[in-house]
Amino acid sequence: MSYSQTTHLHYKVLALTGEVDLHNSPQVRKQLLAILKKGSSVLVNFSELSYIDSSGIATLVEAFNYAKNNALTLTIIAATGAPLQVLELTNLNKVFPMVDLLDDIRE
Amino acid sequence: MVLATENIIEVKKLVSHYGERQILNNVDFSVKKGEIRVIMGGSGSGKSTLLNHMLALLKPTSGTIKIDELDLLKANRKDLTKLRQKMGVAFQGGALFSSMTVGENIKLPLKHHTELDDNTIDIMTRLKLELMNLAGFENLMPSELSGGMLKRAGLARAVIMDPKLLFFDEPSAGLDPVTAVELDELILKLRDSMNMTIVVVTHELESAFKIADKITVLFDGEVVMTGTVDEIKQSSDERIQNLINRRPRNDVVDAEQYIQRLTTGQN
């Protein structure tokens, strides 16, 4: 897994590449919470993500809840394939805002 | 669902005894990555013994067992520990520790094997409880759960580490029909979304036909047939038809041997 951080409008974008698993999800958690604690809403880009395990999903849940409690947002971008199925399996596709393309985020 | 070409399980010419009694005879059994394989057979056919061999809980008399390319008979303790972290096992009765809450039982593997933050572990545990329809039961003791709930809690613990390979012993035995169907759906979903390879031991036909990519039928310690659901249904083998049609086996009685067993206890 690798990740990169960019900016889109007033959002921070965390793009995840490869596989998020038990070994590297703590890094994702650290990044997400750091962004949110600085007061930015975050777009998590799944377009290059091939797999996310439940520790990764748990990390997203924790970060989403933190965002919600601090009047920020966490949005999933371009979830397809296995990661989308995991979100569906856990019904989190009905909880997280999900957007197909980064360019669909206008403001 | 396109299956991978490589085998995650490769059992070759497995022979196994309990004491003098031969349980498995020359069993070949291979499973591809992402496959759901059902092992069927009557009581005493060797299903559970085969399962225990794949979990490296028993030593065979002869033959080889490879799981995820690890030769179980040549592997050292460290390799086996590493392999076991990639495998989940759900036993018939749930096999939870009675002195711990349901939640503590489920998160046990994570506490032991990972360095994850407690928040992450708690959420992972609750995600699995939700998945098993056990939300809110986290703080109960196993003795406070019904049989079906114990089974689902056992499954929650088996998949808490998102194993590549899940072994499931008699998932629907003792469950009401609705819960049994839900569990079948769950097995299919786990495979599709987490790409798990799942080996299910069962004698519930309906469940086997619903979930299996392939079925292996064991009879008296031997593989009678491995095939797709249709192939199994169309098989002309009498033992398979007896199993499918729930006919009792019609063994030929050898009078002399029978009397000898009854009078001496020897075969």
Side-chain angles (χ1 to χ4, degrees), chain A residues 1 3 14 16 18-37 44 46 49-70 74 76 78-96 98, chain B residues 1-2 4 33-34 82 84-88 103 106-107 109-135 138 155-166 182-183 185-198:
Chain A
M1 194 271 300
Y3 58 85
L14 185 68
L16 304 173
E19 304 192 348
V20 173
D21 61 23
L22 290 168
H23 304 290
N24 56 39
S25 67
Q27 288 174 52
V28 176
R29 179 173 183 269
K30 212 168 131 193
Q31 293 295 316
L32 277 175
L33 292 178
I35 294 170
L36 294 166
K37 281 177 180 168
V44 187
F46 273 31
L49 186 68
S50 54
Y51 173 82
I52 183 162
D53 77 348
S54 30
S55 70
I57 296 291
T59 297
L60 291 172
V61 170
E62 186 185 3
F64 175 82
N65 195 46
Y66 182 92
K68 195 169 132 263
N69 291 336
N70 291 276
L74 180 150
I76 309 285
T80 55
L84 177 62
Q85 284 187 314
V86 178
L87 289 171
E88 287 170 352
L89 179 72
T90 50
N91 274 327
L92 288 166
N93 58 328
K94 294 168 194 158
V95 177
F96 299 150
M98 312 249 295
Chain B
M1 184 84 202
V2 181
K33 280 185 183 164
K82 225 170 123 191
R84 286 199 173 109
Q85 290 181 27
K86 292 188 273 185
M87 305 199 302
I106 294 172
K107 67 179 72 163
L110 292 173
K111 293 267 187 193
H112 266 264
H113 298 300
T114 74
E115 313 262 293
L116 294 171
D117 187 89
D118 282 346
N119 279 337
T120 309
I121 289 181
D122 286 345
I123 296 171
M124 286 171 78
T125 304
R126 292 183 198 122
L127 279 169
K128 292 294 192 273
L129 284 167
E130 291 276 349
L131 199 57
M132 305 300 160
N133 266 330
L134 286 174
E138 193 179 341
L155 181 58
R157 187 179 58 191
V159 298
I160 192 70
M161 303 261 292
D162 296 333
K164 289 169 78 168
L165 182 55
L166 174 67
E182 282 174 359
L183 211 54
E185 294 285 344
L186 199 59
I187 289 171
L188 290 168
K189 275 199 225 164
L190 284 173
R191 187 271 300 275
D192 291 343
S193 59
M194 317 200 68
N195 208 14
M196 270 180 210
T197 306
I198 304 179

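A note on names: the letters A, B, ... follow the listed sequences, proteins ahead of strands, and every chain is numbered from 1.
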| Which portion of A:L87 sits near chain B, non-hydrogen atoms under 4.5 angstrom |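 It is neither, since no heavy atom gets under 4.5 Å.
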Rounded to the nearest 0.5 Å, what separation is found between the [atom1] atom of [X] and the [atom2] atom of [Y]?
| X | Y | atom1 | atom2 | result |
| --- | --- | --- | --- | --- |
| B:L131 | A:L89 | CG | CG | 4.5 Å |
| A:S54 | B:D162 | OG | CG | 3.0 Å |
| B:E130 | A:T90 | CD | OG1 | 9.5 Å |
| A:S55 | B:D117 | OG | CG | 11.5 Å |
| A:H23 | B:T114 | NE2 | OG1 | 9.0 Å |
| B:N119 | A:T59 | CG | OG1 | 9.5 Å |

| request: Under 4.5 Å, counting heavy-atom pairs only, tell me which of A:A58, A:G81, A:P83, A:A82 racks up the most with chain B. | output: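 Of A:A58, A:G81, A:P83, A:A82, A:A58 has the most heavy-atom pairs under 4.5 Å with chain B.
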| query | Is the shortest heavy-atom distance from the side chain of A:P26 to the side chain of B:L116 under 4.5 Å? | reply |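 Side-chain contact under 4.5 Å: yes.
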| B:D192 side chain to A:Q85 side chain, donor-acceptor N/O pair below 3.5 angstrom |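 No, no side-chain donor-acceptor contact under 3.5 Å.
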| query | Where do B:M124 and A:V61 land on the side-chain contact (heavy atoms from CB on, under 4.5 Å) test, with the steps shown first? | reply | CA-CA 9 Å; B:M124 286 171 78; A:V61 170; over 6 Å; no
| field | Interface moiety of B:I121 toward chain A, non-hydrogen atoms closer than 4.5 Å | value |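 For B:I121, no heavy atom lies under 4.5 Å from chain A.
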| Checking heavy atoms, do the side chain of B:T120, its backbone, both or neither come under 4.5 Å from chain A? |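 For B:T120, backbone and side chain are both near chain A.
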